[in-house]
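Taking it in order: structure first as structure tokens, then the write-up.
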Amino acid sequence: MNINPGIFKAYDIRGVYDVDFDDDVAYKIGLAFGKMRQEETGKKTNIKVLVGADMRLSSPALKKRLIEGFLDAGCDVTDGGLLSTPTFYHSVAHNGFDGGILVSASHNPGEYNGFKIVRERAIPFSGDTGMTILRDMVLENKLEKAEKKGELKKYDNYLSEQIKHDLTFGKLDSIKPLKIVIDPANAMGILFFDELFKYIPGEFIKINWELDGTFPAHEADPLKSENLEQLSKKVLEENADLGITTDGDGDRIFFVDNKGVPVEPGITRAILSEIFLKEKPGSKIAYDIRPGKITEDTIIENGGTPIVTRVGHSLIKEQALKEGAYFAGESSGHFFLNMEDGCYEVPVIVTLKMLEKISEIDIPFSEYVEKYQKYFHSGEINSVVEDKEAKIEEIKKTYKDAKQNELDGITIEYPNFWFNVRQSNTEPLLRLNLEARTKEIMEEKRDEVLKIINL
């Protein structure tokens with residue numbers, strides 16, 4: 001079948017299985033990336049890669065052909081089996097692999113699938129760092145097999161190794177027995193939560209706990225409020241201390257307070273910034289440019305150095321590595337630590353830190369969160385726009401008396417409100433995120449900017 005070139009995104013490869021791509025594309029990706037790694041490292045043999053997959057129905061077939069492509073490129077492959085993205089990243093970084101590919105479409109619906117790609121130390125592979133080259137190699141389809149085929153082995157203990165590593169960042173004896181509702185949406189978070197809970201006291205109420213690539217309960221995308229409704233309701237029914245949910249591949253994590261109210265990711269990021277700055281005073285903390293001013297406030301108040309980045313998990317990781325930031329957080333629920341073996345998402349460590357904090361405070365989680373609720377956020381609002389560049393230029397002219405930043409799209413800042421409008425890296429959309437000091441200003445300015453965007 002013909003390959004849809006649009007599957008090659010800014011941060012990964014993703015599309016509708018058997019519509020945009022098929023199993024043979026997986027083979028070509030393995031062959032092409034194997035050749036790339038040989039060229040980049042200067043090693044014609046002994047390139048070692050890790051391959052894993054999520055629970056989607058199409059993942060086994062794609063993984064099989066991906067492995068065959070790597071083997072024909074002359075790479076030695078370890079098949080890690082079912083792996084969440086955080087376990088995959090940790091395993092590549094911690095075990096000295098030259099790179100790896102995970103078959104996954106993250107939070108997308110069940111008909112999608114794709115590939116997450118990393119170099120050694122789980123270093124991101126993105127549009128700026130090789131994706132276009134890989135795309136062209138796959139589309140040209142002129143790659144030859146290596147003279148000597150690589151070797152394949154299987155290993156199924158990466159999850160327990162990751163959990164043991166992550167537990168060293170926590171203080172288990174400080175965690176009280178809490179009542180926690182968890183909803184991994186029938187997806188990959190089930191695996192690491194099951195392993196983590198062996199070590200943590202408390203009552204764990206599990207919902208949507210069977211791996212199912214059809215996502216029978218709801219989409220595994222916690223950024224959509226409707227996907228949190230079941231969790232919020234259960235927290236209230238059970239009179240729980242909090243709720244936790246993760247996305248399809250387990251690299252994004254979200255919390256719900258004891259009143260069933262979702263905690264805005266920007267507030268989670270601020271809480272974590274304060275925690276990590278107490279552990280490593282004076283650290284640099286990175287965060288994306290979308291509004292979430294409470295993060296900047298908290299970093300400065302706690303003696304840290306704020307580092308603003310472009311939007312995108314690959315881009316924020318690259319910037320954190322470049323700047324030497326210890327902790328980084330993205331507004332979409334990605335939270336990273338820059339550790340000895342690499343910089344990647346750490347939802348298990350984030351869970352430990354949040355449980356330690358909730359155990360430490362003498363008030364309900366909802367009351368603790370209140371001190372961070374200084375600003376009013378529009379949420380991310382997407383608009384289909386034909387000429388996105390022209391709209392951004394119009395916004396720049398309309399708000400020419402404001403402080404402006406063009407790091408990613410356009411960021412406009414006034415004393416009482418501020419917003420970012422940027423093009424989606426994966427869809428034909430303009431994304432608006434606006435924040436203000438009062439709800440009234442937020443709603444007024446949100447509607448004002450949307451009117452410009454949609455005219």
Side-chain angles (χ1 to χ4, degrees), residues 10-12 14 50 52 54 80 82-95 97 99-102 104-108 114-126 158-159 161-163 165-170 184-185 187-193 195-196 220-223 244-255 265-266 268-269 271-273 275-276 285-288 295 309-321 325-354:
Y11 319 124
D12 57 18
R14 210 182 301 178
L50 175 64
D54 68 12
L82 277 170
L83 296 174
S84 69
T85 293
T87 305
F88 168 70
Y89 288 157
H90 170 266
S91 303
V92 170
H94 208 65
N95 294 285
F97 284 99
I101 297 182
L102 180 73
S104 176
S106 186
H107 60 276
N108 284 134
F115 308 89
K116 290 197 166 188
I117 306 174
V118 293
R119 292 185 171 92
E120 78 281 0
R121 289 173 53 82
I123 292 172
F125 184 86
S126 66
Y158 286 124
L159 175 59
E161 290 177 2
Q162 176 217 343
I163 297 299
H165 166 269
D166 290 355
L167 287 171
T168 64
F169 285 79
M188 298 305 292
I190 291 169
L191 300 182
F192 58 70
F193 281 132
E195 190 69 19
L196 175 64
D221 183 1
L223 267 185
I244 306 174
T245 185
T246 43
D247 72 337
D249 61 331
D251 61 355
R252 292 189 294 145
I253 186 165
F254 294 73
F255 296 90
T268 300
R269 181 175 59 193
I271 293 169
L272 291 167
S273 296
I275 290 169
F276 287 118
I285 307 289
Y287 58 97
D288 67 275
T295 300
T309 78
R310 291 163 63 194
V311 175
H313 71 91
S314 293
L315 300 171
I316 196 169
K317 280 184 270 194
E318 288 165 7
Q319 193 70 16
L321 286 165
Y326 178 54
F327 169 68
E330 196 181 23
S331 304
S332 55
H334 291 270
F335 303 110
F336 322 87
L337 273 188
N338 194 352
M339 301 164 286
E340 284 187 14
D341 61 4
C343 179
Y344 47 86
E345 286 90 336
V346 286
V348 171
I349 296 173
V350 166
T351 300
L352 288 168
K353 295 301 178 188
M354 292 297 281

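In this chain, residues are counted from 1 in sequence order.
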Does some side-chain heavy atom of [Y] sit less than 4.5 Å from a side-chain heavy atom of [X]?
X: V311; Y: I316; value: no
X: I253; Y: T245; value: no
X: F327; Y: S273; value: yes
X: V118; Y: F88; value: yes
X: F97; Y: E120; value: no
X: Y287; Y: T309; value: no
X: P347; Y: F192; value: yes
X: E195; Y: V348; value: no

Checking E330 against H313 for the side-chain hydrogen bond (donor to acceptor under 3.5 Å, both in side chains) test, could you report, in this order, the C-alpha distance in whole Å, the side-chain angles of both residues, the deciding distance, and whether it holds? CA-CA 7 Å; E330 196 181 23; H313 71 91; over 6 Å; no
The ring pair (Phe, Tyr, Trp, His ring centres under 6.0 Å) partners of F255 (sequence neighbours excluded) come to none
My understanding is that only residues two or more places apart in sequence, or in another chain, count here; which of them pass ring pair (Phe, Tyr, Trp, His ring centres under 6.0 Å) with Y89? none
Using every non-hydrogen atom in the two residues, find where [X] and [Y] come nearest and quote the distance to one decimal.
X: C343; Y: N338; value: CB-OD1, 3.8 Å
X: L50; Y: G80; value: CD1-N, 3.9 Å
X: F335; Y: G329; value: CD2-CA, 3.8 Å
X: G333; Y: P265; value: N-CB, 4.2 Å
X: P124; Y: K317; value: CG-CB, 3.8 Å
X: P86; Y: G250; value: CG-O, 3.2 Å

With rounding to the nearest 0.5 angstrom, report the [atom1] to [atom2] distance, [X] to [Y].
X: F193; Y: I244; atom1: CZ; atom2: CD1; result: 5.0 Å
X: I101; Y: I117; atom1: CD1; atom2: CD1; result: 4.5 Å
X: F336; Y: L321; atom1: CZ; atom2: CG; result: 10.5 Å
X: Y158; Y: L82; atom1: OH; atom2: CG; result: 14.5 Å
X: L315; Y: Y11; atom1: CG; atom2: OH; result: 5.0 Å

Against T87, only a single residue in E161, Q162, M188 fulfils side chain to side chain contact (heavy atoms under 4.5 Å, CB included); can you say which? Q162
Name the residue from L159, L191, L167, D166 that meets the side chain to side chain contact (heavy atoms under 4.5 Å, CB included) definition with L196. L167
Evaluation steps, side-chain hydrogen bond (donor to acceptor under 3.5 Å, both in side chains), between S331 and D288: CA-CA 7 Å; S331 304; D288 67 275; 3.1 Å; yes
Using the rule given for side chain to side chain contact (heavy atoms under 4.5 Å, CB included), can you reason through R121 versus V92, listing the C-alpha separation, both sets of side-chain angles and the distance that settles it, and then say yes or no? CA-CA 6 Å; R121 289 173 53 82; V92 170; over 6 Å; no
Is the backbone N or O of G266 less than 3.5 Å from a side-chain atom of T295, with the two atoms forming a donor-acceptor pair by type? yes
N/O donor-acceptor pair under 3.5 Å between D221 side chain and L223 backbone: yes
Is there a donor in the side chain of S106 and an acceptor in the side chain of D249, or the other way round, less than 3.5 Å apart? yes
Any chance the side chains of S126 and E318 put a donor and an acceptor closer than 3.5 Å? yes
With a 4.0 Å cut-off, would you call E345 and R252 a salt bridge? no
Compute the ring centroids of Y326 and F276, then answer whether they are less than 6.0 Å apart. yes
Decide yes or no on side chain to side chain contact (heavy atoms under 4.5 Å, CB included) for V346 and M339, but give the supporting numbers first. CA-CA 10 Å; V346 286; M339 301 164 286; 3.7 Å; yes
Only one of D54, D251, D12 passes salt bridge (charged side-chain N to carboxylate O under 4.0 Å, His left out) with K116; say which it is. D251
Considering residues at least two apart in sequence or located in another chain, which fulfil the side chain to side chain contact (heavy atoms under 4.5 Å, CB included) criterion with H94? H90, H165, D341
